[in-house]
2 protein chains.
Amino acid sequence: MPTTDTKETILDAAETLFAEQGFAATSLRQLTQRAEVNLAAVNYHFGSKDELVKAVLLRRIEPINAERRRRLDALSSPSLEDIVRAFLEPALRAIDQCGPTSDGRSNGLARIFGRVTVEQPSFLRAFFTEQFGELAHRFVTALQATATNIDAQDAWLRMHFTVGAMAHTLQSAHMLTEISGGACGANDAEALVEQLVAYAVGGFDAKGVSQ
Amino acid sequence: MPTTDTKETILDAAETLFAEQGFAATSLRQLTQRAEVNLAAVNYHFGSKDELVKAVLLRRIEPINAERRRRLDALSSPSLEDIVRAFLEPALRAIDQCGPTSDGRSNGLARIFGRVTVEQPSFLRAFFTEQFGELAHRFVTALQATATNIDAQDAWLRMHFTVGAMAHTLQSAHMLTEISGGACGANDAEALVEQLVAYAVGGFDAKGVSQ
DNA sequence: GTCTATAGAACGATAGAC
DNA sequence: GTCTATCGTTCTATAGAC
């Protein structure tokens, strides 16, 4: 087997560029040039740009969601914080395993997750429901069982808020540094986990609004 | 003066399409066709596509940020919730004044704010700092003075989390409906304000992590 | 499985008539 | 201020040699 796999090389370059520029703004020409492979290789290995996008996302999402399931299953009589951690930590921890992007901002895995959450081409809609639907239901059910002061409507909304906080942090950590005038960075993944968990637990713990 | 201003017509169409598809994925051809104006009109009135993007954003951001400033100034010895409301309500209220997009999802103003927060073409970076920098500093200072259990680092991060929760809610409310299997929509703007405020206040109120 | 070459369409932008 | 026409570029995707 070759030491550098063309398919993997393409996925790496695509991940970096999608994170930096978004899916629509990244062309296959730019991508294959960065990966130092031939332009036609993308269509040969993935069929189309759309399928490449899915492959890039799937490579990261699958192990993270598997870990989320594993951790949720391992909890018996969990606290609110246990559940929030089971959801957030697998995603935030995975970031440590990837290097920074070429533009010197936060790393590729981090920012592509932000992209995933917001830039939703229509061809990815079914993909998202497939990848996150069942898992989201399980987390919302667990949260609702634990935080007895909120109902299903509250639990879903707060889950949504939490995903937004996570995604924005992953995607736009550099903006925080820039706008705060350097007063606040978000580079230490371990500290970021604790900050986000504290915030989300506080949010989930607030008195329900719907009921 | 004409009853339908070309410039305004272009801004309206651009706002809708940018919200639905993102900036990069929306072409001037599609945009001018939707607006029923000539292709050349965009370059005549705005100079370039990049400048059009800025104009679309500025039209909405300016009054909202002005209202945020006004409300923050009006507060004396504010509570945490007062400050959070002063930040969130102007944005969420403005949504009620715009109609839905053509794809039947949440409305254009709502979703373009989500776009703004995540899809950050490099030419918009200075624009963001200019539009939000001073205001963000003022809010963070106010928050830190009120929530005495958090330091500057905590305050900045939690402000960032809150922006993410807000943006994701505005941008992807339809995803919530889809993934929850209809168990939760996010259509009532007034209820959404209360939900988001409750969550954010809970988040800000959590014990600080940095210190 | 990797390449060159190119088809075929869409892009942003502009020149110049009216 | 609005139009047509078009320039020059870039795009995704594919056909076909090796």
Side-chain angles (χ1 to χ4, degrees), chain A residues 1-59 102 112 115 119-125 127, chain B residues 1-59 102 112 115 119-125 127:
Chain A
M1 50 183 173
T3 50
T4 55
D5 185 20
T6 297
K7 215 165 164 175
E8 210 68 25
T9 307
I10 292 174
L11 285 174
D12 289 339
E15 181 172 277
T16 302
L17 289 174
F18 288 160
E20 288 177 13
Q21 309 173 334
F23 306 121
T26 300
S27 71
L28 294 184
R29 298 182 126 78
Q30 182 187 18
L31 198 154
T32 50
Q33 204 166 351
R34 155 85 65 120
E36 292 177 314
V37 302
N38 190 272
L39 171 60
V42 169
N43 280 285
Y44 176 78
H45 285 287
F46 298 95
S48 70
K49 184 183 177 180
D50 287 0
E51 290 304 314
L52 171 62
V53 171
K54 288 187 192 173
V56 167
L57 297 179
L58 209 55
R59 182 172 67 149
S102 63
I112 206 163
R115 292 282 177 198
E119 191 177 342
Q120 299 158 16
S122 50
F123 72 90
L124 283 184
R125 283 231 241 165
F127 176 84
Chain B
M1 53 184 175
T3 48
T4 54
D5 185 20
T6 298
K7 215 165 163 175
E8 211 68 26
T9 308
I10 292 174
L11 286 174
D12 290 339
E15 180 172 277
T16 302
L17 289 174
F18 289 159
E20 288 176 14
Q21 307 172 335
F23 306 121
T26 301
S27 72
L28 294 185
R29 298 181 131 79
Q30 180 188 19
L31 197 156
T32 50
Q33 204 166 352
R34 154 85 65 119
E36 293 178 315
V37 302
N38 190 270
L39 171 61
V42 169
N43 280 285
Y44 176 78
H45 286 287
F46 298 95
S48 70
K49 183 183 178 182
D50 287 359
E51 290 303 314
L52 171 62
V53 172
K54 287 187 193 173
V56 167
L57 298 179
L58 209 55
R59 182 171 67 148
S102 64
I112 206 162
R115 293 282 178 195
E119 194 177 342
Q120 299 159 15
S122 51
F123 72 90
L124 282 184
R125 281 229 243 166
F127 176 84

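Predicted, not measured: the structure shown is a model, and the values here were computed from it. Just so we're on the same page: letters track the sequence lines, and every chain starts at 1. Computation of the quantities below employed the complete heavy-atom set of this structure, encompassing side-chain atoms and omitting hydrogens, waters and symmetry-equivalent molecules.
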Between [Y] and [X], is there a side-chain heavy-atom distance shorter than 4.5 Å?
X        : Y       : result
A/Leu17  : A/Gln30 : yes
A/Asn43  : A/Leu28 : yes
B/Phe127 : B/Asp50 : no

- Message: Check this for me, if you would: do A/Asp12 and A/Arg59 make a salt bridge, where the nitrogen-to-carboxylate-oxygen distance has to be below 4.0 angstrom?
- Response: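 Yes, A/Asp12 and A/Arg59 are salt-bridged.
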Take the protein atom [atom1] of [X] and the nucleotide atom [atom2] of [N], then report the distance between them rounded to whole Å.
X        : N      : atom1 : atom2 : value
A/Asn43  : C/dT4  : CG    : P     : 16 Å
B/Phe46  : C/dA13 : CZ    : P     : 13 Å
B/Phe123 : C/dG12 : CZ    : P     : 12 Å
B/Leu31  : C/dG12 : CG    : P     : 9 Å
A/Leu39  : D/dG16 : CG    : C1'   : 15 Å
B/Leu52  : C/dG12 : CG    : P     : 11 Å
B/Leu28  : C/dG12 : CG    : P     : 4 Å
B/Glu51  : C/dA13 : CD    : P     : 10 Å

What nucleotide among [options] has an atom nearest to a side-chain atom of [X]?
X       : options               : result
B/Tyr44 : C/dT2, C/dG12, D/dT2  : D/dT2
B/Arg29 : D/dA13, C/dT2, C/dC11 : C/dC11
A/Ser48 : C/dG12, C/dT2, D/dA13 : D/dA13
B/Ala40 : D/dC3, D/dA13, D/dT6  : D/dC3
B/Ser27 : C/dT4, C/dC11, C/dT14 : C/dC11

- Item | Phosphate contact (C/dT2 OP1 or OP2) by A/Asn38 side-chain N/O below 4.0 Å |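 A/Asn38 to C/dT2 OP1/OP2: no side-chain N or O under 4.0 Å.
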- Do any side-chain nitrogens or oxygens of A/Thr6 fall under 4.0 Å of OP1 or OP2 in C/dG1?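 Answer no for this pair, as no side-chain N or O of A/Thr6 is under 4.0 Å from OP1 or OP2.
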- Query: When we call it a touch if two heavy atoms are under 4.0 Å apart, what does A/Thr26 touch: a base, just sugar-phosphate, or nothing?
  - Reply: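 A/Thr26: backbone/sugar contact only, no base atoms under 4.0 Å.
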- Item | Cation-aromatic face contact B/Lys7/B/Tyr44, 6.0 Å, 45 degrees |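 Here B/Lys7 fails the 6.0 Å and 45° test against B/Tyr44.
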